[in-house]
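Predicted model, so just to flag it, every value in this text is computed and none were measured. Residue numbers begin at 1 in each chain, while the letters A, B, ... track the order of the sequences. For the numbers below, each heavy atom of this structure counts, side chains included, while hydrogens, waters and symmetry mates do not.
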Amino acid sequence: MTQAPVEDGTSDRYDPHAVQDRWLPVWDRLDLFRAGRRAGASKMYVLDMFPYPSGDLHMGHAEAFGIGDVVARYWMRRGYDVLHPIGWDSFGLPAENAAIKRGEHPATWTYQNIDTQAESFRRYAVSFDWSRRLHTSDPEYYRWTQWLFLRFLERGLAYRKSSAVNWCPNDQTVLANEQVVGGRCERCGAEVTKRELTQWYFRITEYADRLLDDMAQLEGRWPDRVLLMQKNWIGRSTGAHVDFLVRTADGDRAVTVFTTRPDTLYGATFFVVAADAPLAEQLCAPAQREAFEAYREQVRKLSDIDRQSTDRPKTGVDLGVVAVNPLNGEELPVYAADYVLADYGTGAIMAVPAHDQRDLDFARELGLPVRVVVDTGEADPADTGVATAGDGVLVNSGPLDGLRKEEAIAKAVEVLGERGTGQSAVNYRLRDWLLSRQRFWGCPIPVVHCPSCGEVPVPDDQLPVRLPDMRGADLQPKGQSPLASNREWVETACPSCGGAAERDTDTMDTFVDSSWYFLRYCSPDHEGGPFDIEKVREWMPVAQYVGGVEHAILHLLYARFFTKVLHDMGLVEPVEPFAALLNQGQVILNGSAMSKSTGNLVELGEELARYGVDAVRLSMVFAGPPEDDIDWADVSPTGSVKYLARVARLAADVGALPPSDARDEEVDRAVARAVDEATRLTESHRLNVSVARFMELTSALRKGVDGGAGAASLRDGVEALAVMLSCYAPYTAEEAWSRLGHDVDAGDSVHDATWPTADPALLVQQSVTCVVQVAGKVRDRLEVPPGIGEDELRELALASDAVRRSLDGRAVRTVVVRPPKLVNVVPT
RNA sequence: GCCCGGGUGGUGGAAUGUAGACACGGAGGGCUUAAACCCCUCCGCCUUUCGAGGCGUGCGGGUUCGAAUCCCGCCCCGGGCACCA
């Protein structure tokens with residue numbers, strides 16, 4: 001598989017593997033990337049989303065960490081004290097599943113993979129500060145995950161409730177809303193079903209407003225689409241809570257609904273309760289009980305996917321009771337239906353078929369009346385089947401008649417308020433974060449269930465609640481955590497009364513672990529708390545976060561939530577953890593995602609063996625903008641190898657030139673231009689264009705060498721190139737640096753060098769190409785001084801032969817002059 | 001269905017008043033006993049008297065002296081949400 005080194009036929013060979021073998025041990029010894037090395041320098045935190053240890057690194061890691069490394073190294077070269085840590089998100093389902101399959105312990109599998117990945121990262125030459133390495137499955141780490149959980153519990157932000165939850169029948173565990181994608185389990189793809197279970201939640205909904213409003217700080221620094229996805233996911237809608245009185249067999253009962261359209265209250269012609277909500281059962285008249293239960297059974301059998309399919313006809317059942325409209329006293333029939341969701345709003349709605357499509361569909365299905373109360377100028381929904389949701393003038397609405405929609409909403413809320421039957425309200429699509437999992441390989445929930453004291457938190461000084469070893473035990477998922485079968489572990493003394501009690505047997509969602517790891521990196525060995533507040537103050541927030549868009553509404557939302565809670569606890573200063581975010585694209589192959597199961601796969605290890613680390617890294621960034629997907633079938637690592645060999649050859653040639661002070665203005669200008677542009681381009685993450693500038697500079701320097709240009713200029717130019725390239729292709733840059741005569745072994749590494757600066761005087765061009773257009777078409781090009789005046793340029797342009805020829809005798813109407821770059825001559 | 005993002009040579013992609021930088025790929029040439037490596041030239045489409053001319057950034061309009069870029073309407077591709085009242 002390994003290709004013979006590229007023979008360049010001239011003075012020097014460039015063998016990428018030999019270069020790697022030469023410099024890697026030297027770098028290890030020089031310890032170049034430890035945060036805090038540059039005392040007094042400004043601090044900068046550059047972070048890559050930490051990996052999950054499944055097998056060795058793959059092409060996706062190479063892309064993401066390659067980009068992150070360019071960013072980190074760039075700021076190091078710019079003189080910043082950069083924190084660029086690495087760790088592993090090492091709890092989680094895949095470890096457990098793999099372990100079950102291989103009959104191994106999850107820890108064995110996990111830590112073996114971590115070691116493999118760590119060694120691969122080292123060879124891939126990512127500029128990590130290895131002294132801060134952490135694993136979320138270490139007791140030293142999860143002790144503090146538990147500590148944080150207890151703080152959330154104290155603040156009422158962690159709680160247990162019984163509810164219909166997402167259940168993955170394959171993984172045999174509950175899932176958070178965020179982990180259900182299109183009705184399927186995010187991990188395994190199985191269809192998710194519902195189960196009524198008592199589970200632990202984080203009250204993330206309490207932070208919904210701040211999660212939404214603080215996004216203003218992130219605008220322009222996070223990708224727009226991530227902000228938009230979070231905004232839609234939180235889904236704030238404003239409207240009103242309205243209290244209806246429902247006449248049940250057991251007497252009258254107030255039932256509140258949420259609506260965004262209180263203005264349409266007079267158009268309500270029926271009332272609907274979610275069939276699977278406890279409320280439906282409570283309201284149901286005895287005579288209808290049998291029909292209701294049959295319907296509810298039918299609903300429960302539906303999978304989420306079927307239930308959510310949009311073109312399914314609306315179904316429901318009459319509950320045999322009526323709800324009283326608080327505005328006009330009208331009695332409305334009450335239905336149970338599955339198009340109303342139990343866990344959004346209050347699980348009950350007032351139905352206004354004329355102005356809501358879903359209500360209209362239901363009304364037409366069951367032959368219920370449709371009453372227009374907002375005249376929008378459109379045809380009657382009862383005839384067309386199309387509800388009118390737009391603005392208009394209120395009709396058939398008593399005191400609201402004649403008002404426009406917005407006015408009517410305000411008026412309706414006012415009237416409801418006066419009568420004490422409603423008020424304005426805000427509702428969110430966001431649900432609380434279900435964090436408990438019925439699986440083994442996770443952070444134990446530090447709570448004890450005591451028959452007399454109830455839920456008792458484990459005292460801080462008894463943390464961590466260690467995950468028992470359970471080597472050899474059956475970890476097969478069976479619907480409750482395997483921990484439950486370990487009686488020795490489960491049975492414990494109540495921390496409060498000392499009586500016999502049982503540990504909570506669930507473990508936490510791994511997204512809890514990853515919601516604060518970036519804080520732990522600031523002081524990874526801290527023992528007095530999850531992190532050293534002072535160190536966090538020094539480094540946070542993360543200046544540049546790099547990771548995939550797949551975490552747009554999972555990890556990124558949770559980490560933002562955690563940071564806000566910790567801010568409220570006075571532990572963290574910023575309210576946002578990640579000041580800037582870069583979403584790198586995916587590496588795909590022949591148009592589709594790489595996947596082991598379909599065999600559509602390129603192994604990173606093989607590519608590295610074939611082309612070398614630098615060529616793979618360079619190909620990744622040169623292929624296109626960082627945020628775009630890369631189809632590996634379209635890239636040419638061979639081209640990258642050739643380019644890197646050119647650089648090494650150039651450095652050898654220039655390094656061999658006899659010492660001289662001779663300069664060359666043309667070379668100096670080319671270098672200054674490249675430095676100036678590459679600086680801006682790297683800083684704005686336009687890495688592919690930056691590489692193009694390096695290639696141009698390389699060609700210019702080659703031309704200089706072959707043409708006998710001044711040695712001092714050539715030497716400065718290759719040094720500048722080596723330093724800039726060191727962020728992109730660290731091995732080759734070091735090799736070039738060494739060939740220029742730097743004693744790397746003695747500590748003079750290119751990775752400790754300073755990013756070059758461009759002399760502004762050299763950036764001023766002596767002449768500029770001015771484009772001369774006639775009627776907007778380019779007819780001539782003139783070389784003019786950059787400071788040329790408008791009048792002078794106009795005359796010069798009008799005197800051009802090409803312009804005269806093109807005008808062909810026509811008179812000139814106007815001349816647009818934009819010195820020094822453009823003249824547009826407009827004929828009549 | 002609703003909400004985003006995007007359509008530029010054979011390919012990946014550059015370009016905010018010169019469309020196609022930089023590459024990949026292709027053609028031709030140099031070096032070589034030969035090949036590889038390396039170096040040079042050319043490659044959007046059409047016409048051409050070789051001077052140049054016409055057409056071109058998904059399609060159709062518009063604004064402007066000037067539009068790949070801004071606006072309107074379509075078409076296609078990708079992504080997010082999906083009975084959220």
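- Among the protein residues, A:Val635 comes within range of no part of the nucleic acid, since none of its heavy atoms lies under 4.0 Å from any strand.
- Within a 6.0 Å radius of CD in A:Glu795, other residues, nucleotides and ligands contribute 12 heavy atoms or fewer.
- Counting non-hydrogen atoms under 4.0 angstrom, A:Ser640 reaches nothing in the nucleic acid.
- A:Phe622 comes within 4.0 angstrom of a nucleotide base, judged by non-hydrogen atoms across all strands.
- Using a 4.0 Å heavy-atom criterion, one finds that A:Ile349 contacts the bases of the nucleic acid, with or without backbone contacts as well.
- The side chain of A:Arg646 places an N or O atom within less than 4.0 Å of a non-bridging phosphate oxygen (OP1 or OP2) of B:C39.
- Applying the 4.0 Å criterion to OP1 and OP2 of B:G12, one finds that A:Ser636 has every side-chain N and O outside that range.
- Within residues 777-786 of chain A, the residues having any heavy atom closer than 4.0 Å to RNA chain B are, in order of number, A:Lys777, A:Val778, A:Arg779, A:Arg781.
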statement: Here RNA chain B, pairs taken as Watson-Crick or G-U under 3.5 Å and shown with ( ), [ ] when crossing and | when to another strand, reads (((((((..(((....[....)))((((((.......))))))((((....))))..(((((..]....))))))))))))....
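- Classified by interplanar angle (parallel below 30°, tilted 30° to 60°, perpendicular above 60°), the ring pair A:Trp433/A:Tyr558 is parallel.
- In this structure, A:Arg693 and A:Asn427 both approach RNA chain B, and ranking their closest nucleotides by distance from the 5' end singles out A:Arg693.
- Among the atoms of the strands shown, only primed sugar atoms or phosphate atoms (P, OP1, OP2) are found under 4.0 Å from some heavy atom of A:Ile553.
- At B:A85, one or more side-chain N or O atoms of A:Tyr344 fall inside 4.0 Å of OP1 or OP2 (strictly under the cut-off).
- Contact annotation: A:Asn688 side-chain N/O to B:A14 OP1/OP2 distance is under 4.0 Å.
- Applying the side chain to side chain donor-acceptor pair (under 3.5 Å) test to residues at least two apart or on different chains, the pairs with a partner in residues 262-275 of chain A are A:Arg261-A:Asp263.
- Judged by distance alone, the side chain of A:Asn177 and the main-chain N or O of A:Arg431 form no donor-acceptor pair under 3.5 Å.
- A:Asp634 comes within 4.0 angstrom of sugar-phosphate atoms only, judged by non-hydrogen atoms across all strands, and of no base.
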